[in-house]
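Letters A, B, ... mirror the listed sequences (proteins, then strands); counts begin at 1. A quick note: this is a predicted structure, and the numbers were derived from the prediction, not measured.
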Amino acid sequence: MAYDPRPVEPAIYKRWLEAGVFQPRPDGEPYVIVIPPPNVTDVLHVGHALNNVIQDVLIRFERMRGRAAEWLPGTDHAGIATQNVVEKRLAKEGRSRFDLGRERFVEEVWCFVNKTGNTILEQLKVIGSSCDWSRLRFTLDEDYSRAVREVFVRLWDEGLIYRGHRVIHWCPHCLTALSDEEAEHHETQGNLYHIKYPLEDGSGFVTVATTRPETMFGDIGLVFNPKDSRYKALQGKRVKIPLSGVVIPIATDEVVEQGFGTGLLKVTPAHDANDFDIARRVWPASEMPLVIREDGTLGEDGGHGGHGGQKATAAVKNKGGGQGGRVPAEYVGLDRFEARKKIIERLKATDLLEKVEQHKHSVRRCYRCDTVVEPRLSDQWFVTMKPLAETVMAGYAKGEFHIVPERWNATFENWMNNIRDWNISRQLWWGHRIPVFTCANGHQWADRADPQTCPKCAAHVEQDPDVLDTWFSSWLWPFATFGWPDDTPDLRRFYPGHTLVTGPDILFFWVARMLMSGYKFMGQKPFRTVYLHGIARDTKHRKMSKSLGNGIDPLVVVEKFGADALRWTCVANTALGADLLLDPEDLETTFAPGRNFANKLWNIGQFVLGQLPTNVPAIEAVDRRSLTLADRWILSRAQATVRAATAAFEQFRLDEAAKRCFEFAWNELADWYVEAVKPRMTGSEAQTPQAVLAYCLDLSLRLLHPVVPFISEELWQKLPGRKADELLAVARWPVARPELEDPRADQEFGRVKTVIEHIRSIRAEYRVSPKTRLRATIVTRGNDKVTTFDGERDTIVRLAQLDSLALDGVPQGVGAHAVFGDGSEVVVALEGSIDVQQECRRLSDELGRLDTQLRSLAARLTNESFVARAPQEVVAKEREKEKAWRDQRDVLAGKLKSLGCS
RNA sequence: GGGCGAAUAGCUCAGCGGUUCAGAGCGCCUGCCUUACACGCAGGAUGUCGGGGGUUCGAAUCCCUCUUCGCCCACCA
């Protein structure tokens with residue numbers, strides 16, 4: 001019967017919850033991880049699974065090592081994302097948020113969040129996440145909101161928050177401003193349109209290259225590089241914007257690259273950050289007309305940037321007459337991309353389009369809805385980031401925290417050292433409302449409370465309508481979750497945390513900013529280690545995403561293969577920081593290894609448990625003299641495994657730790673020890689192997705528990721002597737016992753394995769049925785002591801399926817030979833079925849292989865530089881090897897001769 | 001334009017600062033339902049470690065360079 005995780009996993013999880021083992025023990029040194037809070041509306045995808053499995057492995061490892069393990073869970077209100085989800089639902093009913101109004105809309109969102117917000121948390125439980133659910137947080141919790149507000153007010157009072165009038169990224173779909181980080185770069189194949197701007201004086205035209213012709217109604221001038229001799233004559237002249245006829249000046253500016261396009265640049269200050277800077281240098285008094293509305297259509301709606309601050313001057317003369325006539329009527333209301341097409345057609349028709357070139361460039365898109373972002377002049381709240389970043393970098397330089405893998409250092413440093421101010425206002429309704437108040441008399445301040453009247457003049461006050469960027473609340477996660485700004489016991493105990501586990505995609509969004517807020521408000525780092533894991537991708541290396549439809553539903557995987565299998569794949573297939581590649585087309589290949597391993601463990605458990613009496617002696621109570629070579633070998637391997645696995649976990653090499661434990665359980669314990677020990681399991685001699693088996697199974701389960709917690713717990717429960725309330729989840733992590741380390745046993749049992757493998761190999765080579773028992777003889781030489789094999793004679797007989805094994809006798813009749821060690825031989829009697837020709841070929845192939853190796857070894861050893869410069873122990877080892885091989889070769893050669901091979 | 005990463009068996013990848021490192025899983029071939037396990041057991045085959053150069057006694061492993069992919073950053077009109 002194969003192991004079925006389906007009934008086991010939920011039951012085990014329930015037991016953990018009931019026992020309260022996920023809450024940190026009251027004593028002991030804390031180990032703290034704060035979860036990257038998933039969006040409340042999220043449903044679990046593989047990315048979450050990977051992220052949370054890694055955290056769970058680390059937290060379970062440290063919990064077993066006796067730390068007070070605190071894994072703080074929670075969710076993020078995710079302003080834009082959540083608002084979008086609810087708006088989409090409203091849209092299905094033909095309604096918009098404007099129909100509801102702000103208050104009712106926010107109620108609607110709360111309603112939705114309260115109903116569906118726990119979905120992902122329940123899913124995290126399904127995959128085994130051992131979060132401290134008693135400390136669950138949400139970024140819109142009352143306490144948490146207080147922290148957000150406190151931070152805002154403090155920054156405001158320090159003058160680190162300011163109103164900026166500048167070109168920001170605007171999403172025409174989400175209808176909000178975005179930060180630089182939220183506008184993702186996408187390399188795009190576009191066009192460079194060469195457009196003719198007629199000179200005002202009718203003396204011809206100049207050509208300007210642009211990728212965004214639809215912005216031209218917002219042009220306030222053209223510039224060329226002062227060094228550009230081609231255009232000297234244009235200085236001071238004016239041109240007409242095609243299709244609108246608005247007259248704009250020509251000037252010079254250093255930033256214009258002569259080699260790009262025509263060397264003439266159209267300046268659209270309200271829709272291009274670079275042009276904004278140019279305009280302020282060249283035409284400081286100029287108006288900056290907005291010609292694309294908030295929704296992405298052409299027209300002049302004023303909007304957030306409508307009050308430009310500067311008045312129109314003579315530099316811009318509106319030929320069409322009248323205010324607001326910059327965009328010709330036929331384009332007003334057209335979507336920007338339609339407008340682009342139409343404009344190009346018209347330009348072509350009026351012979352004002354000189355040419356169109358293909359042009360690859362980076363287009364920014366909204367990280368939430370993928371809409372092409374519109375640069376737009378606007379008034380927004382910004383945080384001055386430089387001082388915050390500098391504090392972090394001072395701590396970073398002192399090594400107060402570090403990033404693994406290290407290769408992210410450069411990226412992190414580069415971003416921090418070139419930090420730009422953070423646009424924190426969003427034109428949304430869902431989120432923390434910006435606590436800035438303005439009275440009728442123009443007094444403005446940030447407030448912890450909601451004032452009704454102005455403290456200075458008692459006038460009526462109004463609160464800023466916008467909300468804060470979601471990340472302005474999540475950047476406080478490591479301390480706001482523990483009660484800050486109050487000085488709580490939790491905060492004192494759990495700050496700073498230890499390991500922050502996340503993907504590199506939110507290094508800037510979240511990690512860097514948490515560091516800044518941590519240093520700023522807590523006076524020190526929020527965590528010691530930032531562990532950046534890979535990203536879940538499909539086999540074509542594409543990020544898994546809903547839109548591509550290449551995702552894998554972790555719950556389907558759990559249903560088909562079990563949570564342990566899912567976890568196994570996440571852990572074993574991702575080397576430190578490497579991406580996790582999964583094939584959505586072939587779940588079997590992707591997840592079967594974990595399921596198979598769980599099944600193997602289950603069966604090892606079935607066997608071992610079946611052998612154990614209720615009172616198994618502890619391993620330390622076993623008389624050392626009763627240990628056989630096989631016992632000593634597996635016990636020694638166990639110690640090596642403990643050391644290797646512990647070290648690997650400590651270094652975040654989860655894949656290595658998992659694989660090492662896998663090898664111990666499967667390849668060493670099951671494949672060799674269990675098979676070797678079977679004959680000893682009956683009778684009075686059974687006590688020792690029982691103790692060894694119990695010890696090895698217990699050890700394997702402990703070591704594997706962080707990775708496959710369910711099956712390990714299930715089996716561990718069944719070990720004899722378990723008290724009813726004992727749980728593996730809080731059992732002690734094994735420590736290597738030096739007294740059980742036995743390098744000699746490693747070596748000697750290694751020889752036993754070699755002999756068995758040789759015999760098996762010979763059997764296969766000569767196609768001897770497994771049913772046929774064979775007779776074999778071992779002739780030892782050199783260090784290959786006959787006593788070694790004598791002690792394990794039964795093992796060899798059993799595992800090589802022999803009839804009898806002679807030691808140091810004279811091999812009878814004809815047989816197949818294998819040489820090993822210091823020229824020792826194993827001879828398998830094969831009267832009748834042996835083919836001398838075949839045997840000759842086998843042996844001479846072997847001899848050939850040996851000769852080749854020997855030659856290269858000899859070359860190395862006769863190389864004086866090698867002997868002189870290589871480390872002594874390397875040379876000594878090579879010498880030993882050479883001697884053994886030489887002996888083997890001599891024996892082989894002798895055999896060939898005696899067989900009469902040519 | 002700058003930075004980073006990847007190129008190793010048919011596939012997905014290990015190989016953690018050099019001398020049994022040429023590996024694992026899956027797939028493939030040959031035998032096996034050997035009373036824990038066919039989600040298994042045993043035995044096999046497959047790679048000029050992307051190309052070129054260099055350092056060294058010795059290089060998938062370090063340095064340089066080229067090619068191909070991917071990612072991040074940038075005021076690529």
Side-chain angles (χ1 to χ4, degrees), chain A residues 1-3 167 184-185 187 190 192 208-212 215 223 255-257 260-268 272-278 359-362 405 407-411 414-415 418 504-505 507-508 535 537 539 541-543 561 565 572-579 581-583 586 588-590 592-611 648 651 653 655-656 659 662-663 670-671 674-675 678 757 760-765 767-771 798-799 801 853 857 860 863-871 874-875 877-878 881:
Chain A
M1 271 292 280
Y3 167 64
V167 175
E184 294 180 338
H185 293 272
E187 191 80 351
L192 193 56
V208 174
T210 179
T211 53
R212 306 183 60 223
T215 64
V223 286
V255 301
V256 182
E257 273 180 50
F260 191 92
T262 61
L264 256 186
L265 169 66
K266 68 193 258 317
V267 179
T268 320
D272 186 291
N274 193 28
D275 290 5
F276 177 81
D277 292 340
I278 295 172
H359 180 60
K360 225 193 215 163
H361 63 130
S362 172
R407 79 179 117 88
W408 289 101
N409 288 354
T411 305
N414 184 52
W415 191 79
N418 297 288
D505 46 339
L507 179 59
F508 305 145
I535 290 172
R537 300 178 185 280
T539 43
H541 294 251
R542 298 178 307 183
K543 202 166 161 174
F561 302 91
N573 285 359
T574 167
L576 186 68
D579 286 342
L581 272 87
L582 304 169
D583 188 354
D586 189 358
E588 181 66 21
T589 299
T590 309
R595 177 201 57 195
N596 296 353
F597 179 48
N599 189 241
K600 187 72 185 183
L601 270 180
W602 177 255
N603 280 294
I604 294 170
Q606 293 316 108
F607 174 79
V608 173
L609 294 171
Q611 304 300 325
Q651 292 156 44
R653 301 301 310 251
D655 60 323
E656 237 182 68
K659 283 174 186 161
F662 171 100
E663 278 167 20
D671 287 349
V674 164
E675 292 308 325
K678 275 177 178 172
E757 280 163 349
R760 284 170 172 171
S761 207
I762 286 168
R763 178 191 294 277
E765 180 93 14
R767 309 205 170 280
V768 180
S769 153
K771 297 231 165 68
R798 190 185 140 71
L799 297 192
Q801 287 166 295
Q853 288 178 299
L857 196 55
R860 208 174 306 155
N863 184 329
E864 280 175 36
S865 313
F866 171 74
V867 178
R869 299 197 201 185
V874 172
V875 177
K877 236 166 135 183
E878 298 292 80
K881 206 155 56 176

Between A:Thr268 and A:Thr210, does a side chain to side chain contact (heavy atoms under 4.5 Å, CB included) hold up when you go through it step by step?
CA-CA 11 Å; A:Thr268 320; A:Thr210 179; over 6 Å; no
For B:A59, what is the paired nucleotide under Watson-Crick or G-U wobble rules, both distances under 3.5 Å?
none
With heavy atoms under 4.0 Å as the rule, sort A:Ala670 into base, sugar-phosphate or nothing.
base
Take atom P in B:C26 and the same atom in B:U35, then report the distance between them in whole Å.
23 Å
If we take the C1' atom in both B:U34 and B:C41, what is their distance in whole Å?
8 Å
Taking CZ from A:Phe508 and C1' from B:A74, how many angstroms apart are they, rounded to a whole number?
12 Å
How far, in whole Å, is B:G43 from B:U56 if one measures between their C1' atoms?
41 Å
In whole Å, measure the gap between the C1' atoms of B:A60 and B:G23 for me.
12 Å
Should B:A60 be called syn or anti, with syn set as within 90° of 0?
syn
First of A:Glu675 and A:Asp586 reached from the 5' end of RNA chain B, by closest nucleotide
A:Asp586
Using the side-chain heavy atoms of A:Asn596, tell me which of these nucleotides is nearest: B:C73, B:C39, B:U19.
B:C39
Of the options B:U19, B:G43, B:C76, whose atoms approach the side-chain atoms of A:His361 most closely?
B:C76
Any strand, both distances under 3.5 Å, Watson-Crick or G-U wobble: B:U20 pairs with none
Taking any strand in view, what nucleotide pairs with B:U34 in a Watson-Crick or G-U wobble way, both distances under 3.5 Å?
none
I want to check a possible cation-pi pair here: A:Lys600 against A:Phe662, using under 6.0 Å from ring centre and within 45° of the ring axis as the test.
no
Look at all strands and tell whether A:Pro871 reaches a base, only sugar-phosphate, or nothing, counting heavy atoms closer than 4.0 Å.
base
Tell me: CD of A:Glu765 to P of B:C29, nearest whole Å?
20 Å
Between P of B:A74 and CG of A:Asn418, the distance in whole Å:
9 Å
In the strands shown, is B:U67 matched to any nucleotide by a Watson-Crick or G-U wobble pair with both distances under 3.5 Å, and which?
B:A7
May I have the distance from A:Glu588 (atom CD) to B:C26 (atom C1'), rounded to whole angstrom?
10 Å
Base, sugar-phosphate, or nothing: which does A:Asp277 touch, judged by heavy atoms less than 4.0 Å apart?
nothing
Kindly say if A:Lys771 contacts the phosphate of B:C33, meaning a side-chain N or O under 4.0 Å from OP1 or OP2.
yes
For A:Phe866 and B:A59, give me the distance from atom CZ to atom P, rounded to whole Å.
12 Å
Nucleotide nearest A:Glu878 when distance is taken to its side chain, options B:G25, B:A77, B:U19:
B:U19
Integer angstrom distance from the C1' of B:A14 to that of B:G3:
26 Å
Base, sugar-phosphate, or nothing for A:Leu264, non-hydrogen atoms under 4.0 angstrom?
base
Heavy-atom side-chain proximity of A:Phe508 to A:Thr411 below 4.5 angstrom:
yes
Would you say A:Arg760 reaches B:G43's phosphate, i.e. side-chain N/O to OP1/OP2 under 4.0 Å?
yes
Within the 4.0 Å heavy-atom criterion, would you say A:Ala273 contacts the bases, only the backbone, or no part of the nucleic acid?
nothing
Quick test of your reading of the model: are A:Lys360 and A:Glu187 salt-bridged, counting only N-O distances below 4.0 Å?
no
Does A:Val608 reach a base, just sugar-phosphate, or nothing at all? Heavy atoms under 4.0 Å.
nothing
Would you indicate which nucleotide in B:U19, B:C41, B:A14 comes nearest to any side-chain atom of A:Lys600?
B:C41
Side chains of A:Asp671 and A:Glu675: closer than 4.5 Å at any heavy-atom pair?
no
Closest listed nucleotide, where the reference is the side chain of A:Glu757 and the choices are B:C37, B:U34, B:G43
B:G43
Base-pairing assignment for B:G27 (Watson-Crick or G-U wobble, both under 3.5 Å):
none
Less than 4.0 angstrom between a side-chain N/O of A:His185 and OP1 or OP2 of B:A74, yes or no?
yes
Check this one for me: any side-chain N or O of A:Asn599 less than 4.0 Å away from OP1 or OP2 of B:G40?
no
Assigned partner base of B:A45, Watson-Crick or wobble definition, under 3.5 Å:
none
Distance between P atoms of B:C37 and B:A42 (Å, rounded)
14 Å
Below 4.0 angstrom from OP1 or OP2 of B:C32, is there any side-chain N or O of A:Arg767?
no
With a 4.0 Å cut-off on heavy atoms, is A:Ala592 in touch with a base, just the backbone sugar-phosphate, or nothing at all?
nothing
Mind checking A:Val208 for me? I need base, sugar-phosphate or nothing, with any heavy atom below 4.0 Å counting as a touch.
nothing
Of all heavy-atom pairs between A:Asp275 and A:Lys266, which one has the smallest distance, and what is that distance?
OD2-O, 3.2 Å
Would you indicate which nucleotide in B:C41, B:C73, B:C39 comes nearest to any side-chain atom of A:Asp671?
B:C41
Are any non-hydrogen side-chain atoms of A:Val223 and A:Ile278 less than 4.5 angstrom apart?
yes
So, does A:Thr589 get its side chain near the phosphate of B:G27, meaning an N or O under 4.0 Å from OP1 or OP2?
no
5′-ward residue of the pair A:Tyr3/A:Leu265 relative to RNA chain B:
A:Tyr3
Say we look at B:G40 and B:G27: how far apart would their P atoms be, to the nearest angstrom?
9 Å
Nucleotide nearest A:Ala764 (side chain, heavy atoms from C-beta), chosen from B:G43, B:U34, B:C73:
B:G43
Under a 4.0 Å threshold between the charged nitrogen and the carboxylate oxygen, would A:Glu757 count as salt-bridged to A:Arg760?
no
A:Asn599 and A:Ala2 have their tightest heavy-atom pair at ND2-CA, 3.4 Å
A:Ser761 side chain, from C-beta outward: closest of B:G43, B:C72, B:A77
B:G43
Taking B:U20, B:G15, B:A36 as options, the one with an atom nearest any side-chain atom of A:Lys881 is B:U20
Roughly how far apart, to the nearest Å, are B:A45 and B:G10 at atom C1'?
12 Å
Taking CZ from A:Arg595 and P from B:G40, how many angstroms apart are they, rounded to a whole number?
8 Å
Hey, does A:Lys659 have a side-chain heavy atom less than 4.5 Å from the side chain of A:Arg653?
no
Atom CD of A:Glu656 and atom C1' of B:C21: how far apart are they, to the nearest Å?
14 Å
Among B:C73, B:C76, B:G40, which nucleotide has an atom closest to any side-chain atom of A:Glu187?
B:C76
What is the distance, rounded to the nearest whole Å, between atom NZ of A:Lys877 and atom P of B:U20?
8 Å
Are A:Lys659 and B:G15 close enough that a side-chain N or O sits under 4.0 Å from OP1 or OP2?
no
